[in-house]
Amino acid sequence: MPAPSRAERLLTSSPSRAILELAVPTTAVMVLGATSGIVSTYFVSRLGSDAIAAVSLVFPINLIVMTMMGGGIGSGVSAAVAQALGAGRADDAERVAEHAFVLTAGLSVVLTTLFVGGAPMLFRWMGGQDRVLAGAVVFARVLFSGVLITFAVSTFDAILRGEGNVRVPSTWSTVSLTLQIVLTPLFMFPLGMGLAGAAAATIIGQMLGSLPRAHYVFSGNASVHPRLFPSPLVSRPIRDILRVGVPASLATLANYLGLLLLTAIVARYGSAEIAAFGLGTRLDFLIITLAFGVGSALLTLVGLAAGAGDLARVAALVSRAVALVTVMLSAIALLLICKPMLWLGMFTHEPAIVATGGAYLRILAPSYPFLGMSMACSFTFQGLGRAVFPLVLVTVRTAIVVLAAVILTIAGAPVWSVFAVMAVGNVASSVVLYWQLRSLLGAV
């Protein structure tokens, strides 16, 4: 009797064991990725507060591009592959993978042209001036020139995650991120590249990590055996990807468009405030990446279960995942509330930045468990192929938070009031999303 496939094994494992099996390697890589980002921020901080402010301007744009791929189109790819495999349709999974390469290659060309060409105007609009503006433009042009490489890596990983394979993405992500950590100071200082060196180290590390992934996928070692280009090119696999990918990408865009607008609002308070805000949002990204490990595991497992028609298993998976991520992030939030300098002290000791950054963490950290719950619920909606409601909720939340921040700024309110509005938005939207998901699972 043949051994069960990876998908079959994941469908029959206990929910907690299946989540941990997929989440732990991914979370470990996300922690390493966050470490790489911290290292990069540390070395950037050695260039001065203008350099920190320059990277802080680029950061929300980079989040928009990268998470639109990994958390948007990549989620669509993983969900479509998982659902096809869960239903026993391996040929459909391969067609999804082939069409994913075409889709992401086209997107990378469009986004590279848009952000590289429009960098000066964009960062000037966001409040960048003089040396801060010049640094942001240099950093962004190098970083976004490698979007095709970044998207190729995300596509390979999305296909492999969809079939339940986290070993290959985790292994080569570890290699790639380690290279980035080593190359960043080398490029920035001995080679004299400055901010451009930090961006170049990221792209080169990703490029080297993409080669073994490509070999694994195209050599027939994966459960899914795609070709580089589909023949014929048809619409159904693309629709399967975009059914989740478009709402997820738009939700990501709405979320980080809000961050971009909030960055522009905070920039009006001064350079110390924008530098502190940048350090705070960098930590938010770290929190999101920790939750991403659980969320990506949930997407694959929910997709497999939904494809197999087992919605009772979906409900069990959601309960275990939400409990896991809220406990993990509650512990981190408590630590940051009590000791904000554990984070801020790695980058700066300037009193003005430390004071504003401390206020940010004390106000936003209590909402981190809710962010984790929200991410778990959003990935569940994606795994079910129902990604529209999270999009609507994120759009409404973003509009309300940004509008409130504008009103507070015009009224002359202190910068911490903007942080408070952000925290309330995180909590309220997460509760609504969880309630809607439980209602959906109880109804089907």
Side-chain angles (χ1 to χ4, degrees), residues 37-38 40-64 119-140 194-195 198 255-286 336-337 340-365 367 398 401-426:
I38 293 169
S40 178
T41 303
Y42 170 78
F43 286 115
V44 166
S45 72
R46 301 307 96 186
L47 299 177
S49 59
D50 285 342
I52 297 176
V55 173
S56 295
L57 284 178
V58 178
F59 186 63
I61 303 299
N62 188 43
L63 281 177
I64 289 172
M121 180 173 61
L122 175 62
F123 296 124
R124 187 178 296 110
W125 174 82
M126 290 177 64
Q129 298 177 3
D130 304 325
R131 293 175 61 186
V132 172
L133 174 62
V137 170
V138 168
F139 185 80
L195 281 179
N255 204 14
Y256 290 116
L257 178 60
L259 177 58
L260 185 155
L261 293 172
L262 289 168
T263 300
I265 291 168
V266 174
R268 299 316 194 260
Y269 283 91
S271 60
E273 284 77 6
I274 187 58
F277 187 74
L279 293 176
T281 54
R282 171 76 68 161
L283 180 60
D284 293 348
F285 181 66
L286 170 59
L336 290 169
I337 292 168
M341 283 303 291
L342 288 176
W343 173 256
L344 299 172
M346 290 189 289
F347 310 111
T348 183
H349 288 85
E350 293 187 24
I353 298 177
V354 167
T356 304
Y360 184 98
L361 294 182
R362 284 188 293 272
I363 293 170
L364 265 295
S367 73
T398 300
V401 168
V402 170
L403 179 60
V406 169
I407 293 172
L408 288 169
T409 304
I410 292 174
V415 70
W416 64 259
S417 64
V418 176
F419 304 157
V421 167
M422 294 169 60
V424 171
N426 290 342

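The residues of the chain are indexed from 1 along the displayed sequence.
- Legend: residues meeting side chain to side chain contact (heavy atoms under 4.5 Å, CB included) with Ile407, ordered by chain and number and at least two apart, are Leu403.
- Distance check: Glu273 CD to Ser56 OG gives 12.5 Å after rounding to the nearest 0.5 Å.
- Sorted by first and then second residue, the pairs that involve residues 123-136 and meet salt bridge (Lys or Arg N to Asp or Glu O under 4.0 Å), not counting sequence neighbours, are Asp50-Arg131.
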**Stepwise side chain to side chain contact (heavy atoms under 4.5 Å, CB included) check, Leu283 with Leu364** = CA-CA 10 Å; Leu283 180 60; Leu364 265 295; over 6 Å; no

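- Residues meeting the ring pair (Phe, Tyr, Trp, His ring centres under 6.0 Å) test with Phe277, sequence neighbours left out: Tyr360.
- Interatomic distance, CG of Asn62 versus CG of Leu57, reported as 13.0 Å (0.5 Å rounding).
- In this structure, Ser40 has no side-chain hydrogen bond (donor to acceptor under 3.5 Å, both in side chains) partners at least two apart in sequence or on a different chain.
- Residues Leu195 and Ala54 approach most closely at CD1-CB, 4.2 Å, considering heavy atoms.
- Looking at every heavy atom in both residues, Leu344 comes nearest to Gly357 through CD1-C, 3.4 Å.
- Every residue two or more places apart in sequence or in another chain that forms a ring pair (Phe, Tyr, Trp, His ring centres under 6.0 Å) with Phe347 is listed here: Trp343.
- In summary, the side chains of Thr409 and Arg268 do not present any donor paired with an acceptor at a separation below 3.5 Å, with no hydrogens or angles considered.
- Listed by chain and number, the residues in a side-chain hydrogen bond (donor to acceptor under 3.5 Å, both in side chains) with Ser367 are Asn426 (sequence neighbours excluded).
- Interatomic distance, Met126 CE to Leu133 CG, rounded to the nearest 0.5 Å: 11.0 Å.
- Rounding to the nearest 0.5 Å gives a distance of 10.5 Å between OG1 of Thr398 and CE of Met422.
- In this structure the side chain of Ile265 never reaches within 4.5 angstrom of the side chain of Leu408, judged on heavy atoms.
- Once rounded to the nearest 0.5 Å, the distance linking OG1 of Thr263 with CD1 of Ile61 reads 8.5 Å.
- By the 4.5 Å heavy-atom criterion applied to side chains, Val55 and Thr41 are not counted as neighbours.
- Of the residues listed (Thr348, Ile274, Leu361), the one engaging Leu279 in a side-chain contact (heavy atoms from CB on, under 4.5 Å) is Thr348, and it is the only one.
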